[in-house]
Amino acid sequence: MGTLLLKCYKPLFSIRFSSFPNSLRRVQLGTHPFNNPKRRNPIRRCCFSSLVPSQPLINGQTLDKTGGNRPAAPPSTDLWLHNTMSKKKELFKPKTEGKVGMYVCGVTAYDLSHIGHARVYVTFDVLYRYLKHLGYEVCYVRNFTDVDDKIIARANELREDPISLSKRYCDEFNQDMVHLHCLPPSVEPRVSDHMPQIIDMIKQILDNEYAYRVEGDVYFSVDKFPDYGRLSGRKLEDNRAGERVAVDSRKRNPADFALWKSAKEGEPFWESPWGPGRPGWHIECSAMSAAYLGHSFDIHGGGMDLVFPHHENEIAQSCAACKQSNISYWIHNGFVTVDSEKMSKSLGNFFTIRQVIDLYHPLALRLFLMGTHYRSPINYSDVLLESASERLFYIYQTLHDCENILSQHDVLEESIPPDTTSIINKFQNEFLVSMSDDLHTPVVLAALSDPLKTINDLLHTRQGKKQKMRIESVAALEKIIRNVLSVLGLMPTSYSEALKQLREVALKRAKLTEDQILQKIEERTEARKNKDYEKSDAIRKDLASVGIALMDSPNGTSWRPAIPLALQEHPVAAT
């Protein structure tokens with residue numbers, strides 16, 4: 001098997017960076033019930049079987065004030081990101097002006113992904129989108145681990161080929177990402193396709209005397225790397241054998257970790273200079289990040305659980321292979337917890353993404369995850385998901401009302417009233433300042449309230465309907481909200497379709513059909529005609545208890561999803 005020579009500071013293949021417009025494209029969806037069936041060209045999820053240059057995802061256009069296209073401008077807003085290495089926020093300065101290389105550790109594909117995974121990839125999708133919004137060209141690399149002990153164990157349990165099983169779950173993961181509006185990375189390399197690069201890096205580490213061989217296995221010697229522990233702050237004696245850290249008396253130091261594992265009966269293997277076997281868990285990311293981004297790049301990210309040992313080991317082996325190896329910013333998101341315990345498959349306390357979006361709109365899950373700063377822990381709860389779902393309905397209903405009224409008018413006037421200009425400028429400033437302060441999405445989501453309220457006033461209140469240039473104001477407010485939602489990945493393909501989907505899952509949670517609700521509305525209307533207000537109130541309360549709110553207007557009574565009454569009493573619901 002041939003190998004390719006890894007060179008310091010230089011990727012094996014040139015990567016073409018992709019730009020991203022300020023007014024972002026709407027993400028196309030696949031086959032999930034929440035996806036628009038009229039869309040015939042779903043996003044292509046690229047999993048490369050060999051090292052090839054990535055293609056630009058989007059053209060380099062952005063919108064000017066009049067909605068016309070112009071070339072993307074260079075970054076102009078300072079971005080501050082918390083660096084796990086320095087334990088503080090730092091001004092982001094890429095190694096190459098205007099371009100960013102970002103590697104994020106992907107899933108080990110042996111089962112459906114849970115919402116802890118969703119948080120990781122929504123977090124880095126927001127960063128990816130915002131970097132592009134600022135005008136950077138971004139090469140985003142996110143791997144798949146498709147060779148691993150857990151995959152082999154699950155495949156044996158199901159009597160399935162490990163690579164075939166992993167491919168199936170890679171495809172399932174990609175569908176989950178489409179549902180959550182996570183843009184496809186520039187490249188999605190898989191371990192099984194990169195054995196020559198992995199083997200070549202292990203050779204370099206051995207040649208540089210940072211590793212040793214034992215009966216067909218190759219171990220990294222942590223004693224040879226004095227800086228080991230600088231990312232996590234842990235000392236060598238803190239390293240314990242455990243998950244993915246095999247207890248092996250042949251190691252020179254218990255903290256030494258496997259770079260190559262000799263083949264065992266019934267397991268997949270590849271030929272190597274040390275005999276048949278497969279790579280250890282950590283080496284794969286060092287080899288693939290170097291292959292696509294070089295040994296020196298801008299951002300390496302993942303969940304907080306990867307700081308030690310995975311990212312610590314990556315640093316050690318990457319530097320051992322190339323002394324000039326350097327990653328500028330290490331970024332990690334906080335855990336999703338259940339009853340204050342980290343959500344994980346090993347603890348058995350996880351909810352898969354599929355389980356959640358069976359009852360909630362995928363963008364309600366995305367909104368829930370973005371409602372807490374990415375570095376803070378977030379506790380999974382029904383009340384927070386209900387709250388996110390209700391908020392999403394309000395946002396889309398407001399914008400749908402905008403769409404309806406704007407379709408009846410030709411908005412030609414460029415100028416808008418000073419009050420509207422002030423609201424737009426304030427919102428735009430809050431968006432840029434908050435996002436550039438370590439991606440403070442909760443502040444941005446809160447800032448949506450003023451422009452949304454103003455739109456509703458202009459559309460529905462007596463005083464608002466009398467405002468001069470009312471339609472122009474509505475159009476301008478809708479546009480700025482739409483653009484911000486696009487950067488946040490919360491823009492649906494259709495407001496009306498999203499509202500329909502939000503109603504459908506609300507009915508499912510309430511265990512009711514729409515016909516049953518309409519029948520209840522008729523009964524209530526009849527009771528009100530007969531002045532039987534006790535029955536009328538009881539019907540309203542019964543529906544409210546399962547998350548269905550009734551709204552009376554001169555045109556009749558309609559319904560919308562709401563937080564169930566019992567959950568509204570929960571203190572978190574008010575936030």
Side-chain angles (χ1 to χ4, degrees), residues 1-8 12 105 108 143 145 147-150 152 191-192 194-232 234-265 267-291 295 300 306-327:
M1 181 181 292
T3 60
L4 298 173
L5 181 63
L6 290 168
K7 295 188 182 291
C8 299
L12 289 172
C105 291
T108 300
N143 75 296
T145 295
V147 179
D148 183 80
D149 292 343
K150 292 182 177 181
I152 294 168
V191 175
S192 59
H194 293 77
M195 289 301 165
Q197 293 76 30
I198 292 169
I199 290 169
D200 193 67
M201 180 171 271
I202 296 172
K203 281 182 182 178
Q204 291 185 50
I205 295 170
L206 280 165
D207 289 346
N208 292 338
E209 300 183 350
Y210 283 91
Y212 56 93
R213 300 169 56 175
V214 181
E215 301 170 4
D217 294 333
V218 180
Y219 287 102
F220 186 91
S221 178
V222 294
D223 290 327
K224 294 289 185 72
F225 190 70
D227 285 340
Y228 189 81
R230 63 179 177 170
L231 179 69
S232 63
R234 294 171 64 114
K235 298 177 181 178
L236 274 178
E237 54 267 28
D238 295 332
N239 193 5
R240 301 186 304 275
E243 186 180 1
R244 305 199 194 201
V245 181
V247 178
D248 192 337
S249 59
R250 299 174 304 162
K251 294 181 183 180
R252 296 175 183 173
N253 185 316
D256 292 349
F257 55 91
L259 299 175
W260 188 261
K261 299 180 179 182
S262 57
K264 297 179 177 60
E265 187 177 351
E267 293 184 354
F269 64 88
W270 287 260
E271 293 298 332
S272 80
W274 319 287
R278 57 190 172 87
W281 177 37
H282 312 293
I283 191 66
E284 64 187 56
C285 288
S286 287
M288 288 188 287
S289 64
H295 279 276
H300 197 314
L306 297 185
V307 174
F308 187 89
H310 187 51
H311 287 166
E312 197 72 76
N313 291 352
E314 273 194 66
I315 292 170
Q317 62 202 8
S318 293
C319 290
C322 176
K323 290 182 180 179
Q324 290 78 27
S325 176
N326 177 263
I327 296 166

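Here the structure is a predicted model, which is why all the values come from computation and not from measurement. Reckoned from all heavy atoms, side chains included, excluding hydrogens, waters and symmetry mates.
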Set out, in order, the CA-CA distance, both residues' side-chain angles and the distance that settles side chain to side chain contact (heavy atoms under 4.5 Å, CB included) for His300 and Cys105, then state yes or no.
CA-CA 8 Å; His300 197 314; Cys105 291; 3.5 Å; yes
Under a 4.5 Å cut-off applied to non-hydrogen side-chain atoms, are Glu267 and Lys261 in contact?
no
Partner residues of Arg230 under the side-chain contact (heavy atoms from CB on, under 4.5 Å) criterion, sequence neighbours left out:
Met85, Asp227, Glu312, Ile315, Cys319
Are any of the side-chain nitrogens in Arg250 or Asp256 under 4.0 Å away from the carboxylate oxygens of its partner?
no
Pair Trp281-Asp148, side chain to side chain contact (heavy atoms under 4.5 Å, CB included): steps then yes or no
CA-CA 7 Å; Trp281 177 37; Asp148 183 80; 4.2 Å; yes
Stepwise salt bridge (Lys or Arg N to Asp or Glu O under 4.0 Å) test for Arg278 and Asp149
CA-CA 10 Å; Arg278 57 190 172 87; Asp149 292 343; 2.5 Å; yes
side-chain hydrogen bond (donor to acceptor under 3.5 Å, both in side chains) with His282: of Gln317, His310, His311, only one passes, and it is His310
Candidate list Gln197, Lys203, Gln204, test side-chain hydrogen bond (donor to acceptor under 3.5 Å, both in side chains), partner Asp200, passing option
Gln204
Tell me if a side-chain donor or acceptor on Ser262 pairs with a main-chain N or O of Gly277 at a distance below 3.5 Å.
no
Lys224 side chain to Glu209 main-chain N or O, any donor-acceptor pair under 3.5 Å?
yes
Taking every heavy atom of Ala287 against every heavy atom of Met201, the minimum-distance pair comes out as N-SD, 3.7 Å
Check whether any side-chain heavy atom of Trp260 sits under 4.5 Å from a side-chain heavy atom of Pro279, and report yes or no.
yes
Do Tyr228 and Asp223 have a side chain donor and acceptor closer than 3.5 Å?
no
Flag the pair Ile202 / Trp274 as yes when at least one side-chain heavy-atom distance between them is below 4.5 Å, and no otherwise.
yes
Rounded to the nearest 0.5 Å, how far apart are NZ of Lys323 and CG of Asn208?
7.0 Å
Checking Met195 against Val147 for the side chain to side chain contact (heavy atoms under 4.5 Å, CB included) test, could you report, in this order, the C-alpha distance in whole Å, the side-chain angles of both residues, the deciding distance, and whether it holds?
CA-CA 11 Å; Met195 289 301 165; Val147 179; 4.1 Å; yes
Where is the tightest heavy-atom contact between Tyr212 and Lys251, given as atom of each residue plus distance?
OH-CA, 3.4 Å
Separation between CD1 of Ile198 and OG of Ser192, rounded to the nearest 0.5 Å
9.0 Å
When the ring planes of Phe257 and Phe220 are compared, do they come out parallel, tilted or perpendicular, using 30° and 60° as the limits?
parallel
Determine, stepwise, if the pair Leu206 / Leu259 fulfils side chain to side chain contact (heavy atoms under 4.5 Å, CB included).
CA-CA 10 Å; Leu206 280 165; Leu259 299 175; 5.9 Å; no
Using a 4.5 Å cut-off on heavy atoms from C-beta on, say whether the side chain of Glu271 contacts that of Ile199.
no
